[in-house]
Amino acid sequence: MPAAPANLDQILARCQQIAGLTLGQLAAELQVPVPADLRRDKGWVGQLLELALGASGGSQAIHDFPHLELELKTLPIDRHGKPLESTYVCVAPLTGATGQQWPESWVCRKLSRVLWLPILAERDMAPADRIIGQGFIWQPDAAQQALLRQDWEELMELIALGRLAQIKGAHGKVLQLRPKAADSKALTAAIGADGRPVLSLPRGFYLKVAFTRAILAQAFGLESER
DNA sequence: CAATGATCATCC
DNA sequence: GGATGATCATTG
């Protein structure tokens with residue numbers, strides 16, 4: 001298992017080494033078995049790349065590279081370089097976060113610096129054949145930060161006011177709130193419409209495709225359409 | 001249960 | 001085709 005990288009340059013160097021490899025090739029190097037499909041191994045890609053890059057953290061609520069305050073995100077893209085999915089950020093606090101300010105929020109902290117690792121992963125490609133792209137480190141610019149902050153503040157206000165049930169995935173501009181649970185029967189504490197505690201489906205913050213697509217376009221100078 | 005890693009599958 | 005809501009595995 002690769003050692004934890006000491007700095008950002010080491011991480012980027014490692015990214016250069018694995019760019020262009022298929023996930024099957026990388027898995028073979030690391031002696032990790034490859035699932036035939038991801039239906040029951042949805043986290044496999046992310047965990048493989050964590051291993052390859054020496055990320056730590058596991059299932060704890062901390063950065064992938066704690067000392068570097070760096071978050072690792074794999075990003076499945078199609079052959080045009082467009083993200084296939086929205087990107088999960090973190091679970092949403094449904095209680096006890098009233099009064100929390102944006103700079104202290106887990107969304108802001110996690111997104112303050114991200115190592116994006118595009119993976120060419122058309123749906124008809126077997127996991128082993130998916131190809132690792134060129135990873136890059138991103139930090140939100142002022143405009144991106146403002147969009148994230150605005151969406152976050154709106155969503156958190158609705159949560160605090162007990163309007164969680166009204167929030168749909170379409171609510172934010174770049175950030176959305178959607179279910180995040182093992183199934184529709186999972187429950188967690190939340191604030192009801194009358195302000196009293198209720199149980200509800202856990203939610204998570206996700207970045208919309210248009211936002212991650214813009215990040216890729218920014219990094220690679222691609223056209224943002226198509 | 002809640003956190004991590006996300007993709008699946010259905011509906012529009 | 002794309003987005004929304006549902007779901008899967010694993011760990012502490």
Side-chain angles (χ1 to χ4, degrees), chain A residues 23 26-27 30 32-66 70-80 82-97 105-107 109-111 114-130 132 135 151 155 164-190 197-213 224-226:
Chain A
L23 295 181
L26 181 62
L30 299 173
V32 170
V34 183
D37 64 66
L38 298 181
R39 264 180 299 184
R40 294 190 172 274
D41 294 272
K42 298 185 181 186
W44 181 78
V45 177
Q47 284 156 7
L48 178 68
L49 274 303
E50 285 178 0
L51 182 62
L53 295 176
S56 53
S59 66
Q60 300 172 74
I62 56 176
H63 288 94
D64 296 300
F65 302 95
L70 178 68
E71 185 70 15
L72 170 64
K73 289 289 178 199
T74 61
L75 187 58
I77 57 172
D78 67 14
R79 58 187 178 171
H80 301 300
K82 189 196 139 188
L84 292 169
E85 300 278 354
S86 54
T87 300
Y88 169 68
V89 180
C90 61
V91 292
L94 301 184
T95 60
S105 72
W106 195 228
V107 175
R109 292 175 53 205
K110 274 210 173 182
L111 296 181
V114 178
L115 172 61
W116 292 104
L117 210 48
I119 308 288
L120 178 57
E122 298 271 3
R123 284 211 189 278
D124 58 4
M125 294 172 71
D129 298 329
R130 299 185 178 187
I132 300 165
D151 282 348
L155 291 167
L164 175 64
Q166 301 170 21
I167 300 175
K168 306 301 176 188
H171 190 94
K173 293 187 180 70
V174 298
L175 197 64
Q176 59 184 179
L177 196 71
R178 285 164 37 205
K180 170 60 174 174
D183 54 54
S184 58
K185 285 158 284 194
L187 293 175
T188 191
V198 296
L199 290 175
S200 93
L201 190 59
R203 310 300 164 99
F205 287 110
Y206 295 77
L207 296 177
K208 294 188 176 187
V209 168
F211 189 70
T212 49
R213 184 174 56 188
S224 55
E225 284 304 310
R226 276 201 88 166

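All values below were derived from every heavy atom in this structure, side-chain atoms included, with hydrogens, water molecules and symmetry-related copies excluded. Numbered from 1 within each chain, the chains take letters A, B, ... in sequence-line order.
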Between the base of B/dG5 and the side chain of A/K180, is one N or O donor paired with an acceptor at under 3.5 angstrom?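 Indeed there is one.
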
base_contact_polar (C/dA3 base, A/Y206 side chain, donor-acceptor, <3.5 Å):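 Checked by distance alone, the answer is no.
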
Name the closest nucleotide to the [X] side chain, picking from [options].
X	options	result
A/P179	C/dA6, B/dG5, B/dT4	C/dA6
A/E85	C/dA6, B/dC8, C/dA9	B/dC8
A/W106	C/dT4, B/dT4, C/dG5	B/dT4
A/T188	B/dA6, B/dG5, B/dA2	B/dA2
A/V91	B/dT4, C/dA6, B/dC8	B/dT4

How is [X] classified with respect to the nucleic acid when contacts are heavy atoms under 4.0 Å: base, sugar-phosphate, or nothing?
X	answer
A/P76	sugar-phosphate
A/G43	base
A/K208	nothing
A/A170	sugar-phosphate

Assuming nearest nucleotide by heavy-atom distance, tell me which of A/S86 and A/A92 is located more 5' along DNA chain B.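 Result of the comparison: A/A92.
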
Taking all atoms of both residues into account, what is the closest heavy-atom pair of A/G135 and A/L117, and its distance?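 Distance-wise, the nearest heavy atoms are CA-CD1, 3.3 Å.
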
Got a second to check how far A/K73's NZ is from A/K110's NZ, nearest 0.5 Å?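 Rounded to the nearest 0.5 Å, the NZ-NZ separation comes to 5.0 Å.
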
Distance check needed: [N] [atom2] versus [X] [atom1], whole Å only.
X	N	atom1	atom2	value
A/K42	C/dA9	NZ	C1'	10 Å
A/D64	B/dT4	CG	P	10 Å
A/L51	B/dA6	CG	C1'	17 Å
A/L187	B/dA3	CG	P	15 Å
A/E50	C/dT11	CD	C1'	12 Å
A/R40	B/dG5	CZ	C1'	17 Å
A/F65	B/dT4	CZ	C1'	14 Å
A/Y88	C/dA9	OH	C1'	14 Å

Hey, does the side chain of [X] come within less than 4.0 Å of [N]'s phosphate (OP1/OP2), counting only N and O?
X	N	result
A/S184	C/dG5	no
A/K185	C/dA6	no
A/T87	B/dA6	no

Which comes earlier along DNA chain C counting from the 5' end, the contact point of A/L201 or that of A/R123, where each point is its nearest nucleotide?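 The residue mapped nearer the 5' terminus is A/R123.
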
With DNA chain C as reference, determine whether A/D183 or A/Q176 sits nearer its 5' end, using the nearest nucleotide of each.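 Of the two residues, A/Q176 wins.
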
Is there a donor-acceptor pair closer than 3.5 Å between any side-chain N or O of A/W44 and the backbone N or O of A/D37?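 The answer is no, because no donor-acceptor pair under 3.5 Å joins these two groups.
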
Between A/E122 (side chain) and A/R79 (backbone), is there a donor-acceptor pair under 3.5 Å?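 A pair under 3.5 Å: yes.
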
Can you find a pair of side-chain heavy atoms, one from A/L177 and one from A/H171, that are under 4.5 Å apart?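 The answer is no, as the side chains (C-beta and beyond) never meet within the 4.5 Å cut-off.
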
Under 3.5 Å, side-chain donor or acceptor atoms of residues 84-95 of chain A against the rest of the protein: list the pairs with distances, not counting sequence neighbours.
| unit_1 | atom_1 | unit_2 | atom_2 | d |
| --- | --- | --- | --- | --- |
| A/E85 | OE2 | A/R123 | NH2 | 2.8 |
| A/S86 | OG | A/R178 | NH1 | 2.5 |
| A/Y88 | OH | A/V91 | N | 3.0 |

